[in-house]
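Here is the structure we will look at.
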Amino acid sequence: MPKCYPTHPTGGSHRFGGHDGRKDSFPEETGMIQRLSRYFLPTLREDPAEAELPSHRLLVRGGFIRPVGSGIYSLLPLGQRLVARVEGILREEMNRAGGLEVSLPVTQPAELWKESGRWDAVGPEMLRFRDRGGRDMCLAMTHEETIVDLVRRDVKSYRQLPLLLYQIQTKFRDEPRSRGGLIRVREFTMKDAYSFHDSEDSLEEYYRRMYDTYERIFERCGLETIVVESDPGMMGGKIAHEFIAPSPFGEDTVIRCSSCNYSANRQVARFRRETPPSEDCLPLEEVATPNCETIEEVAAFLGVPKSRTAKAVFFHGKKTGLVFGILRGDYEVNETLLAAALKEPNLRPAHPEEILASGAVPGYASPIGVRGATVVADPSVVEVPNLVSGANREGFHLKNVNCPRDFQPDLVAEIAAADAGLACVECGHQLEAVRGIEVGNIFKLGTRYSAAMNACYQDASGKEHPFIMGCYGIGSGRVAATIVEQHHDKDGILFPLSVAPFSLIVVPAKPGAEPEAEEKVENTLKSLAAEVLWDDRDLRAGVRFKDADLIGIPYRITIGRRAKDGIVEIRKRDTGEVEEVSFENLGDHIATLLRD
RNA sequence: CGGGCCGUAGCGCAGUUGGUAGCGCACCUGCUUUGGGAGCAGGGGGUCGGAGGUUCAAGUCCUCCCGGCCCGACCA
């Protein structure tokens, strides 16, 4: 018999980037039954040593992903199917919202980034290199510049607006610290969308639409999320929201009110300061406080509550120079709020020499007598009388410091970080803190990029205006990993049906032992067009049950003991409940299960 | 970029006062097993992260470098 090579059913390599299912959820494979003996599923019996997060552990162990370098992963067939399912949902919902799919390059010339000003503004997280002609290039970490360039060339009239374009594309950010498997990587795939408008109202309409679309997307993915106000950061927008999936291993902290619906990323969260005690201003007094360099030590030494002390924090801004922040001793500074108050994009902790040069003494610092620093005071120190503060002299503090009698801040702004237990800025009720993973974000960009890059349309009177823009991102790999974070147990993953790489796994207790039963089940599944993994491996049933549990396929059909009576078992992965179903009822039964 | 831990077979690990490399799982062969990670027998697989040094002799001691993980700084 001549050896022949099967033609690949999908033909050619139309999926570039490797992570980019261009079709919705494998339609060409609908109804497929994949023999596990012919699949590539290297599961591990033991947890990989370096993995800490459940999703990292389970995705490596379950044969979904393998590490290639720091923050760089390959997707194996099962992982690729998982991500493709997530991306299928993203694509369906973006299309439903009126989005048009495009594909922008990952490798980009520096010119576009120089036009927007981000070539210099963005730090080492952008990977830069030169091509053979010596031209500056970079790997895209986001695509505002490219999309603006695309649109400005061919969209000239308000009649072409609004326009919503999106892509599902690889991005590269050279994170200083990648971690947690697919949760925080350097190379990742993201659904990013950009909208173009001729009015704020139109932007608002689309922003709202994307907000609703995101809620649908995460619900379909089986993810619980909290929507919060967020910091526009380097995107330079005005209004932004993040979708945070609660998880004990999340890197973001959501501050939210348990009474009203206030919620915000801790980076921008506000809170209501307590009403300050009303006291007469007492005379300033210097007291010796040897070896009291922290608020705890000073408060304990002098026997005053921390809330009656003032804490000094020092930063250095590129534009501002030395920044002296002062807030109530029991609060923590929020660097994001401080930077925003100063309109200072580049804030870093100050070096000791810089602090000393201003006349302030670290550990014993107060704004009194400090020169050459921008003093930013939180309202808490402005309102509270008779505070304990440093004397700018080693080993001494001042009692009864009062603002503005003793010092006059250059700026009064809320720079204290909100935290659990403080009062809600809206209703005064207690705030709570929740850890979570940011799975999506939406920004109102305004004209930040269109103005810088001279991307304009003409209005009805022929006048030119820069596009008003919004942008909307969801990391597909991160969503996949977050689903695992929210859906697993001690035995493995519990995929929601909507994103499961396969809907069903068939495990014959002894493959080949009941050929008629296997054939009946196979024909039934084919007629249902279900996506099925069929575990025909020559392994003990127990091993295959363990693997089935590990990889989280929602339903398992076991062909076993009662096959000769015309009965198989259907086991639900998440509840473990088992039903016995006859061959005659199998089709209807599974159809019902897969419909929900 | 700072602090901590760690690099030995595909995975998980052991390796004593320095003496020429091991265990479990996985893999290959055979037999027995077969509904929750089987048993026996045989077998393959290692530049011990890399470079330099000390030594008669280095997985082990010293120096430098590289990589990984965790915490922090940073970031969306």
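All chains are named by letter (A, B, ...) in the order of the sequence lines, taking the proteins before the strands, and each is independently numbered beginning at 1. Fair warning: this is a prediction, and the values are worked out from it, not measured in the lab.
The side chain of A:Lys546 approaches B:G36 more closely than any other nucleotide in the set B:A76, B:U34, B:G36. The listed nucleotides are B:A76, B:C75, B:C69; the one nearest the side chain of A:Ser70 is B:C69. Side chain of A:Pro48, nearest nucleotide from B:G12, B:A76, B:G35: B:G12. Comparing B:A76, B:G36, B:G12 by their closest approach to the side chain of A:Glu46 singles out B:G12. Of all nucleotides listed (B:G36, B:A76, B:C75), B:C75 comes nearest to the side chain of A:Arg184.
At the heavy-atom level, A:Glu251 lies nowhere under 4.0 Å from the strands shown.
Here B:G4 presents its P atom at 19 Å from CD of A:Glu52, a figure rounded to the nearest Å. For A:Arg66 and B:A26, the CZ to C1' distance is 12 Å, given to the nearest whole Å. If you measure from atom CD1 of A:Ile244 to atom P of B:A76, you get 14 Å, rounded to the nearest angstrom. To the nearest angstrom, P of B:A76 lies 16 Å from CZ of A:Phe172. Put simply, CD1 on A:Ile72 is 16 Å from C1' on B:C69, counting in whole angstrom units.
In this model, the phosphate group of B:A38 is approached by a side-chain N or O of A:Arg540 to a distance below 4.0 Å at OP1 or OP2.
A donor and an acceptor atom sit less than 3.5 Å apart, one in the side chain of A:Arg556 and one in the base of B:G36.
Note: A:Phe243 and A:Tyr211 meet the aromatic proximity criterion, with ring centroids under 6.0 Å apart.
With C1' as the reference atom, B:U8 and B:G50 are 14 Å apart, rounded to whole Å.
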